[in-house]
Amino acid sequence: MSVLPHTVLLIEDNPGDARLIREMLAEDPEERFRLHCADRLSRGLDFLSSEKTGLVLLDLSLPDSHGLDTFVRVFAHAPQIPIIVLTGNDDDRVALSAVQTGAQDYLVKGRLDRELLMRSMQYSIERKRYQEQLERQANYDTLTGLPNRTLLHDRLKQSVFAQRQVRSIAVVFIDIDHFKFVNDSLGHRVGDELLKCVGERLNLMLRDGDTVARLGGDEFVLILNDQTHQDLIFRAMQRICSKVAEPSVIDGKELYVTCSAGISLYPQDGQDVDTLLKNADAAMYRAKEHGRNNFQFYTAEMNEMVNERLALEQSLRQALEREEFTLYYQPKVSLKNGNIVGAEALLRWRHPERGLVLPERFIHLAEETGLIVPIGEWALREACVQNSLWQKEGLHPVTVSVNFSARQFRHDILVKSVSRILAETGLDPSHLEMELTESIIMHDAEAAIATLRELKALGVSLSIDDFGTGYSSLSYLKDLPIDTLKIDRAFVRDITQGQSDDRVLARAIVSLGHSLGLKVIAEGVENKVQLAFLRKHRCDEVQGFYFSKPVPPEEFSKLLRAAKYPREAAESGSQ
Ligand code: C2E
Ligand code: MG
Ligand code: MG
């Protein structure tokens, strides 16, 4: 039995016609309908947006809309509500078009009586309900309520063809591992509950506009729209697979299942729906062959990239405890006297198979996975210990510089861990410098200033690395409690390679730094010409292959023992 009374919205501008219909409905002894009148289309649409409505009676000629267009606008606004069109005596043709477009019925106003109206209304409501039910059955899976294969096809077609510009779409075929075993051993009911649960979880993982469909059995398909970056798909797939693998409680029992997934990408792996699905399916089979509980991309290159990443990530996770990291040191040389005044600590990874790996290959991954926090802490401690050792050996004291990345800088324990490590290693804070990039600081300058002040209060020096490549706001720059600007090596390279205009930048950074009372150092100095230019423009310190590549600590002590680069750096006016 349906809920009574139905709210009926009458959109009609003629007061006489409206009164007539109101009277007819008022005569109904069962009071099946409650009427609301609107005399404009716009008011009718407002009502539909705010009130639950069971039926619309619609006059097609209104002050703010005419003809079939009136119907189309109501239908588009509320496609799930049955609509009966009211016409004058002479426009049956338009009324018929409305019925063909989706109206349930039409009534000619001049020939209306109570019984006809009542019958038409009842019939329209029932017919619409039945249509909706058919549509649901045709488009949705009854067990999970998710879109079925038919709707999946439609949605995927829409995604592919409705694009104004080509954007990447990922089609993901998912199959639950050993589902048959669950079904056979625990019974179909448990199997069904499990499928529902997996469907819900997949649904939760998606963004607006993405689709999860069930194809039948234990097969699900996801459409992930707008996949701008392969890395992001990779991450999303990791999250999805681990979400499915979380235990589900069914009938008070904990069930553990995993899934295998295959991914095809539009446009590169297929231009149409069938090819994309077929290729995602093929990739899924490869995931099964790979031992299940994993995902595979359709193309070999994508898989290589993924497997490479996975392998690197796995070995990175173990690198700390296996003590595979080491620091190399690169001297910083004063242009006043040619002394080595500092050492930048640069991370190296001695990989058991790959040999010495440079930061550019793994720092990014370490940041993404959060591993940079413990690795960075290790590097800081190691650099402090090493600097204390050099001092104990009686070498000329230098400042050691350690690089920090954004993820570390935003970590709330940064200040605590710096002060703890200084205390534990006994290094005088004035012999430690922290290198931070502009983007780390400018990302949230207000918060950064507060953190920088706390660090400064510990007595360490602060330097802005790669200066000139980010977009520092100059107004903030003067408020930052920093000591040093480090000119990015791109500007140093331009001194010899670029047009003469480009030299202006290196020079400008030096004078900007000095006018703010900061020390300026140039990195990436590779030849005499660059050195001479920097000295001429009063840069304070230099660092680069011209003096030394980054070297292991023992070699750095040898450099320190030699103490000076007298010829190249200190002699003034020799060029
Ligand atoms: P960076 O801090 O700007 O370090 C300078 C980079 O320039 C180093 O690369 C160094 O080897 C290289 N370099 C030095 N002199 C020259 C030269 O004359 N010419 C050229 N072309 N390059 C020179 P490296 O060691 O590969 O490090 C790359 C980046 O990795 C560093 O850039 C830094 O941002 C990051 N990094 C290194 N160690 C750490 C660390 O312990 N923690 C964090 N968070 N990042 C680190
Ligand atoms: Mg640096
Ligand atoms: Mg740098």
Side-chain angles (χ1 to χ4, degrees), residues 316 319-320 324-333 340 342-350 356-387 399-411 414 417-418 421 432-441 461-470 482-497 506 521-531 534 541-553 555-556 559 565 568-569:
L316 190 63
L320 256 186
E324 290 170 358
F325 290 116
T326 178
L327 292 179
Y328 275 34
Y329 298 88
Q330 189 178 35
K332 298 187 179 189
V333 177
I340 295 178
E344 176 168 11
L346 294 157
L347 195 59
R348 299 291 180 264
W349 179 11
R350 290 187 195 286
L356 199 67
V357 187
L358 292 175
E360 61 182 19
R361 296 276 296 121
F362 66 89
I363 285 281
H364 182 65
L365 193 58
E367 285 175 347
E368 256 182 41
T369 51
L371 287 167
I372 193 66
V373 175
I375 294 173
E377 192 167 313
W378 174 86
L380 176 62
R381 181 185 304 273
E382 179 68 16
C384 290
V385 167
Q386 184 58 59
N387 202 15
T399 299
V400 71
S401 305
V402 180
N403 292 285
F404 284 80
S405 54
R407 185 87 181 239
Q408 290 169 273
F409 189 70
R410 283 199 282 276
H411 213 279
L414 177 71
S417 88
V418 173
I421 287 170
L432 174 66
E433 181 179 60
M434 299 175 62
E435 292 194 6
L436 306 154
T437 59
E438 283 169 275
S439 48
I440 297 181
I441 294 168
S461 313
L462 301 173
S463 169
I464 299 195
D465 204 353
D466 305 339
F467 187 78
T469 56
I482 50 166
D483 307 274
T484 309
L485 289 187
K486 195 168 190 183
I487 307 177
D488 189 69
R489 48 174 187 280
F491 303 112
V492 174
R493 194 182 51 221
D494 286 343
I495 292 172
T496 40
Q497 289 187 351
I521 174 167
E523 67 179 358
V525 177
E526 293 181 351
N527 58 49
K528 269 196 172 111
V529 180
Q530 294 164 338
L531 178 64
L534 290 162
E541 292 173 12
V542 283
Q543 177 187 343
F545 295 167
Y546 184 68
F547 299 98
S548 169
K549 298 206 162 182
V551 292
E555 279 184 53
F556 192 84
L559 292 175
Y565 288 92
E568 295 89 339

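All heavy atoms count here, side chains included; hydrogens, waters and symmetry mates do not. Since the model is a prediction, treat every value here as computed from it, not as a measurement. As the structure lists them, so they are numbered: ligands from 1, and atoms in each ligand from 1.
Residue contacts with ligand 1 include Arg489, since one or more of its heavy atoms lies under 4.0 Å from the ligand.
Taking each heavy atom of Tyr329 and Glu382 in turn, the nearest pair found is OH-O, 4.0 Å. Heavy atoms only, all atoms of each residue included: Arg489 and Gly524 are closest at CB-CA, 3.8 Å.
Here the side chain of Asp483 pairs a donor or acceptor atom with the backbone of Leu462 at under 3.5 angstrom. Judged by distance alone, the side chain of Arg407 and the main-chain N or O of Glu367 form a donor-acceptor pair under 3.5 Å.
Those atoms of ligand 1 that come under 4.0 Å of a heavy atom in Ile363, given as number and element, are 43 (C), 45 (N), 46 (C). Distances below 4.0 Å separate heavy atoms of Glu526 from the following atoms of ligand 1: 17 (C), 18 (O), 19 (N), 20 (C), 21 (N). Using a 4.0 Å cut-off to heavy atoms of Gln330, the atoms of ligand 1 that qualify are 14 (C), 15 (N). Those atoms of ligand 1 with a heavy atom of Gly524 less than 4.0 angstrom away are 16 (C), 17 (C), 18 (O), 19 (N). In the vicinity of Glu523, heavy-atom distances shorter than 4.0 Å reach the ligand 1 atoms 3 (O), 5 (C). In summary, the atoms of ligand 1 found under 4.0 Å from a heavy atom of Ser405, numbered by their order in the structure, are 44 (N).
At a heavy-atom cutoff of 4.0 Å, ligand 1 is contacted by no atom of Tyr328, backbone or side chain. Looking at Arg348 against ligand 1, only its side chain comes within 4.0 Å, counting heavy atoms. Under 4.0 angstrom from ligand 1, there are no non-hydrogen atoms of Asp488. Residue contacts with ligand 1, taken as heavy atom pairs separated by less than 4.0 Å, do not involve Ile375 at all. Contacts of Glu344 with ligand 1, taken as heavy-atom pairs under 4.0 Å, involve the side chain alone.
Taking only nitrogen or oxygen atoms, main chain and side chain alike, Ile372 does not reach within less than 3.5 Å of ligand 1. No N or O atom of Pro550 sits closer than 3.5 Å to an N or O atom of ligand 1.
A salt bridge links Glu433 with Lys332: the closest approach of a Lys/Arg side-chain nitrogen to an acidic carboxylate oxygen falls below 4.0 angstrom.
For the residue pair Glu435 and Ser463, no side-chain donor N or O sits within less than 3.5 Å of a side-chain acceptor on the partner. Judged by distance alone, the side chains of Ser401 and Glu344 never bring a donor and an acceptor atom under 3.5 Å apart.
Put simply, Asp466 stays out of reach of the Mg ion (ligand 2), with no N, O or S atom under 2.8 Å from it. For a distance bound of 2.8 Å, the N, O or S atoms of Ser401 include none lying that close to the Mg ion (ligand 2). Glu523 lies apart from the Mg ion (ligand 2) in this respect, since none of its N, O or S atoms is found at a distance under 2.8 Å.
Aromatic ring orientation, Trp349 versus Phe362: perpendicular (interplanar angle above 60°, classes split at 30° and 60°).
The only member of Ile440, Ile487, Ile482 that meets side-chain contact (heavy atoms from CB on, under 4.5 Å) when paired with Ile464 is Ile482.
The N, O or S atom of Asp465 lying closest to the Mg ion (ligand 2) is OD2. Distances from the Mg ion (ligand 2) to each N, O or S atom of Glu344 single out OE2 as the nearest. The Mg ion (ligand 2) sits nearest to atom OE1 when only the N, O or S atoms of Glu435 are considered.
Looking at Asp465, Asn403, Leu436, it is Asn403 that brings a heavy atom closest to atom 43 (C) of ligand 1. In this comparison of Gln408, Gln543, Gln530, the heavy atom closest to atom 44 (N) of ligand 1 sits on Gln408.
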